Amino acid sequence: MNKVRVRFAPSPTGALHIGGVRTALYNYLFAKQHGGDLIFRIEDTDSHRFVPGAEDYILESFKWLGITFDEGVSFGGKYGPYRQSERKDIYKKYVQQLLDNDKAYIAFDTPEQLDAKRTETANFQYDASTRLQMTNSLTLSKDEVEKRIAAGEQYVVRFKIEPGEEVTVHDLIRGDVHINSSILDDKVLYKSVDNLPTYHLANIVDDHLMEVSHVIRGEEWLPSAPLHVLLYRAFGWEETMPQFAHLSLLLKPDGNGKLSKRDGDRLGFPVFPLEWHDPKTGEVSSGYRESGYLPEAVINFLALLGWNPGNDQEIMSMDELIKLFNLEKCSKSGAKFDYEKGKHFNHLYLQKKSDAELAVFVQQKLDERNISAAPQKIEMAVAAMKERATFTKDLWDLCSFFFIAPTEFNEKDVQKRWKEDTHRLLSELLPVLASIPNFDDAEATEETVKAWCEAKGYGLGNVMNPFRLTLVGEMKGPQMFQITKILGKTEVIKRLKFALETIH
RNA sequence: GGCGGUUUAGUCUAGUGGCCUAGGACGCGGCCCUCUCACGGCUGAAACCCGGGUUCGAUUCCCGGAUCCGCUACCA
């Protein structure tokens with residue numbers, strides 16, 4: 001087999017959709033597994049939909065996710081340029097080749113005329129059955145065609161599809177897919193307005209010239225795959241035609257249809273890897289990174305949406321994914337996007353991080369608030385709380401009480417835990433705590449306090465629950481003597497006294 | 001409408017002509033742990049789209065239907 005070369009070729013029309021990320025990921029895994037190359041190509045043949053900044057956004061997204069490219073826009077390589085708008089001359093040459101070989105023809109029908117035709121004739125299709133009724137180089141004389149072009153009239157080049165042919169596309173995921181060429185229309189391959197090809201032509205020419213071996217793309221391309229096969233044939237490139245694999249789509253979590261940006265807004269989760277500021281509308285969309293996701297969790301979660309290793313294993317690093325990935329194990333049906341499971345993965349990956357790595361997120365928040373704290377204390381706080389966190393941003397909400405003493409106390413918890421004798425009990429606890437040299441040994445502190453409770457005949461819950469309230473402000477947090485250890489003796493006594501004065 | 005694809009619990013999925021009393025994970029319920037909240041452990045409810053056929057036997061193979069998805073642009 002020739003060298004594996006695959007590509008991810010987005011259109012710079014906005015932020016990178018999470019489904020696109022998955023397609024890129026599968027391409028990446030496939031390339032790495034086979035020691036092949038992954039190419040980054042920009043398909044900007046639609047000048048109207050170009051959005052500035054989109055290209056950089058896409059690049060930055062992959063950088064964050066750890067998906068690397070071997071060649072392409074911003075990476076270089078000997079098959080460039082990799083931006084389709086910079087390949088105009090190349091396409092022009094190949095369009096001419098098709099024209100010369102009678103595989104394509106020039107059409108002058110304006111968009112308005114076509115619209116009129118479509119409303120006039122239901123299910124109108126520009127194909128072998130209708131093209132002789134239209135204004136094109138098949139119905140016009142050669143002179144007339146040249147005259148019109150010379151006069152500056154806009155035209156398109158259409159692919160001349162021969163009807164009645166059974167076209168077979170071999171798909172690595174779905175097997176053979178058959179389609180009759182009669183149902184295909186004479187696709188526009190090139191437009192004179194901007195001297196740019198359409199997707200279909202550019203795609204085939206580039207994949208051929210860049211020696212792409214496998215085309216792994218979304219299912220929305222399956223219906224046009226036969227057209228692409230026909231194009232390879234028309235160029236005489238069928239022998240080296242890449243292999244196809246059409247991936248199932250990512251669907252809305254609820255209801256029907258494919259996952260869209262709107263669904264994320266509506267259901268409250270990001271559909272983009274990074275936060276995106278739309279330069280046209282000024283709209284801001286949330287991103288996985290900014291929402292506190294870890295890239296490795298996003299990768300793992302996405303990899304499993306439409307593919308599985310064939311056993312029960314779910315937690316896989318990028319390296320493991322590269323080893324285990326297999327196109328044949330990709331599912332044929334669309335996967336509803338299960339955001340809850342994504343959260344689960346993030347939680348799992350967050351737990352794998354060291355305390356020091358996670359402490360950074362708390363340190364940031366402390367810096368913002370000009371609070372200084374010993375790194376050791378931050379790490380201890382993180383260690384005590386991280387298992388409760390799903391997102392990196394949860395860490396601060398969870399740990400803040402270690403650094404900011406409560407000034408008010410959760411009303412419901414006070415009602416429930418602050419009883420008649422609580423004030424007396426905690427007042428008595430004060431000297432007991434004061435008698436302990438320091439709280440560094442959590443077990444020793446616990447023993448002393450418990451022994452005191454027992455000696456006095458006080459219920460443990462009656463002491464510990466309100467005690468927690470005084471230190472945390474609410475009924476949350478780790479084991480009490482873990483808290484006292486991290487807070488330190490001075491702070492504990494200070495907080496206890498304050499609560500005693502405040503809660504009545 | 002036409003064409004193509006698809007179909008295992010609410011969701012992602014495993015799997016097979018008899019090992020299936022259909023496995024795992026998320027989510028949901030319960031119990032345990034416990035000074036709180038979590039985590040964790042245990043546990044429960046929950047699925048082979050429908051109808052024919054082939055077969056001793058079908059969730060698995062075949063046919064038909066339905067479903068959902070996609071495409072049907074001078075967008076990708």
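Proteins come first, then strands; the chains are lettered A, B, ... in the order of their sequence lines, and each starts at number 1. The model shown is predicted, which means the values in this text are computed figures rather than measured ones. Just the heavy atoms: all of them, side chains too, but no hydrogens, waters or symmetry mates, feed the values below.
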If we ignore hydrogens and angles and just use 3.5 Å, is the side chain of A:R83 paired with the main-chain N or O of A:D44 as donor and acceptor? no
Atom C1', compared across B:rA45 and B:rG30: separation rounded to whole Å: 10 Å
Whole-angstrom distance between B:rA66 and B:rC56, as gauged at atom P: 32 Å
For A:L201 and B:rC75, give me the distance from atom CG to atom C1', rounded to whole Å. 15 Å
Rounding to the closest angstrom, what is the interatomic distance between B:rG52 and B:rU72 at atom P? 39 Å
Would you call the rings of A:F269 and A:Y339 parallel, tilted or perpendicular if under 30° counts as parallel and over 60° as perpendicular? parallel
Starting at atom NZ of A:K117, determine the distance to atom C1' of B:rA73, rounded to an integer number of angstrom. 18 Å
NZ/NE/NH1/NH2 to OD/OE distance under 4.0 Å, A:E314 and A:K341: yes
So what does A:K187 hit on the nucleic acid, given a heavy-atom distance under 4.0 Å: a base, only sugar-phosphate, or nothing? nothing
Counting only side-chain nitrogens and oxygens, does A:N308 get under 4.0 Å of the OP1 or OP2 atom of B:rA14? yes
Sequence neighbours excluded, the answer for side-chain hydrogen bond (donor to acceptor under 3.5 Å, both in side chains) partners of A:Y232 is none
Those residues that, when tested against A:E166, pass side-chain contact (heavy atoms from CB on, under 4.5 Å) (two or more places apart): A:H178, A:N180
How close or far is atom C1' of B:rC68 from atom CG of A:D254, stated in whole angstroms? 15 Å
Report the residues that fulfil salt bridge (Lys or Arg N to Asp or Glu O under 4.0 Å) with A:K191, sequence neighbours left out, ordered by chain and then residue number. A:D194
With a 3.5 Å limit on both atom pairs, tell me what B:rC61 is paired to, counting Watson-Crick and G-U wobble, or say none. B:rG53
Any base atoms under 4.0 Å from A:N462, or only sugar-phosphate, or nothing? Heavy atoms, all strands. nothing
Classify the nucleic acid contact of A:G218 as base, sugar-phosphate or nothing, counting any heavy atom under 4.0 Å across all strands shown. nothing
Suppose you measure atom C1' in B:rU60 against the same atom in B:rC49; what distance do you get, rounded to whole Å? 15 Å
Taken in chain and number order and not counting sequence neighbours, the residues that satisfy ring pair (Phe, Tyr, Trp, His ring centres under 6.0 Å) with A:W221 are A:Y199
Calculate the interatomic distance between A:L184 atom CG and B:rA73 atom C1'; express it in whole Å. 14 Å
Watson-Crick/G-U partner (both atom distances under 3.5 Å) of B:rC68: B:rG5
What distance, rounded to whole Å, do you find between the two P atoms, one in B:rG44 and one in B:rC50? 26 Å
To the nearest Å, give me how far apart CZ (A:F337) and C1' (B:rG10) are. 17 Å
A:E220 side chain: which of B:rA76, B:rC74, B:rC12 is closest? B:rA76
Nucleotide by nucleotide, 5' to 3', does protein get under 4.0 Å of the base (B), only the sugar-phosphate (S), or neither (-) in nucleotides 1-7 of chain B, counting heavy atoms? B-SSSSS
Under 4.0 Å, counting only non-hydrogen atoms across every strand here, what does A:T45 touch: a base, just sugar-phosphate, or nothing? sugar-phosphate
Starting at CG of A:L227 and ending at P of B:rG70, how long is that distance when rounded to a whole Å? 20 Å
A:D44 atom CG is separated from B:rC75 atom P, nearest whole Å, by 14 Å
Any salt bridge linking A:D394 with A:R388? Criterion: basic side-chain nitrogen under 4.0 Å from a carboxylate oxygen. no
For B:rG10, the Watson-Crick or wobble partner whose two distances fall under 3.5 Å: B:rC26
Counting neighbours of NZ on A:K280 that are heavy atoms of other residues, nucleotides or ligands and sit closer than 6.0 Å, is the number greater than 12? yes
Considering residues at least two apart in sequence or located in another chain, which fulfil the side-chain contact (heavy atoms from CB on, under 4.5 Å) criterion with A:E474? A:N410, A:D413, A:V472, A:K476
For atom C1', what is the distance between B:rA9 and B:rC20, given to the nearest Å? 15 Å
Can you tell me how far P in B:rC37 sits from the matching atom in B:rC32, rounded to whole Å? 13 Å
Within residues 7-17 of chain A, those residues having any heavy atom closer than 4.0 Å to RNA chain B are A:S11
Pair listing, salt bridge (charged side-chain N to carboxylate O under 4.0 Å, His left out) test, anchored in residues 242-252 of chain A, at least two apart: A:K252-A:D263
Output all residues satisfying ring pair (Phe, Tyr, Trp, His ring centres under 6.0 Å) with A:W452, sequence neighbours left out; order by chain, then residue number. A:Y458
Of all the choices, B:rC74, B:rU11, B:rA76, which nucleotide is nearest to the side chain of A:Y199 once you look at every atom? B:rA76
Given the C1' atoms of B:rG65 and B:rG29, what is the spacing between them in whole Å? 38 Å
On RNA chain B, more 5' by nearest nucleotide between A:V193 and A:L251 is A:L251
At under 4.0 Å, does any side-chain N or O of A:R118 touch on OP1 or OP2 of B:rC74? yes
List the residues meeting side-chain contact (heavy atoms from CB on, under 4.5 Å) with A:D185, not counting sequence neighbours, and say none if there are none. A:Q125, A:K187
For A:K323, which residues count as a side-chain contact (heavy atoms from CB on, under 4.5 Å) partner, sequence neighbours excluded? none
Could you write nucleotides 22-44 of chain B as a row of B, S and -, 5' to 3', where a protein heavy atom under 4.0 Å of any base atom gives B, of only sugar-phosphate atoms gives S, and otherwise -? -BBBB--------BBBBS-----
Please determine, for B:rG40, whether a Watson-Crick or G-U wobble partner exists with both distances under 3.5 Å, and give it or none. B:rC32
In this structure, how many angstroms lie between the P atom of B:rC75 and the NE2 atom of A:H48, rounded? 7 Å
For A:V463, which contact category applies under a 4.0 Å heavy-atom criterion: base, sugar-phosphate, or nothing? nothing
How is A:S331 classified with respect to the nucleic acid when contacts are heavy atoms under 4.0 Å: base, sugar-phosphate, or nothing? sugar-phosphate
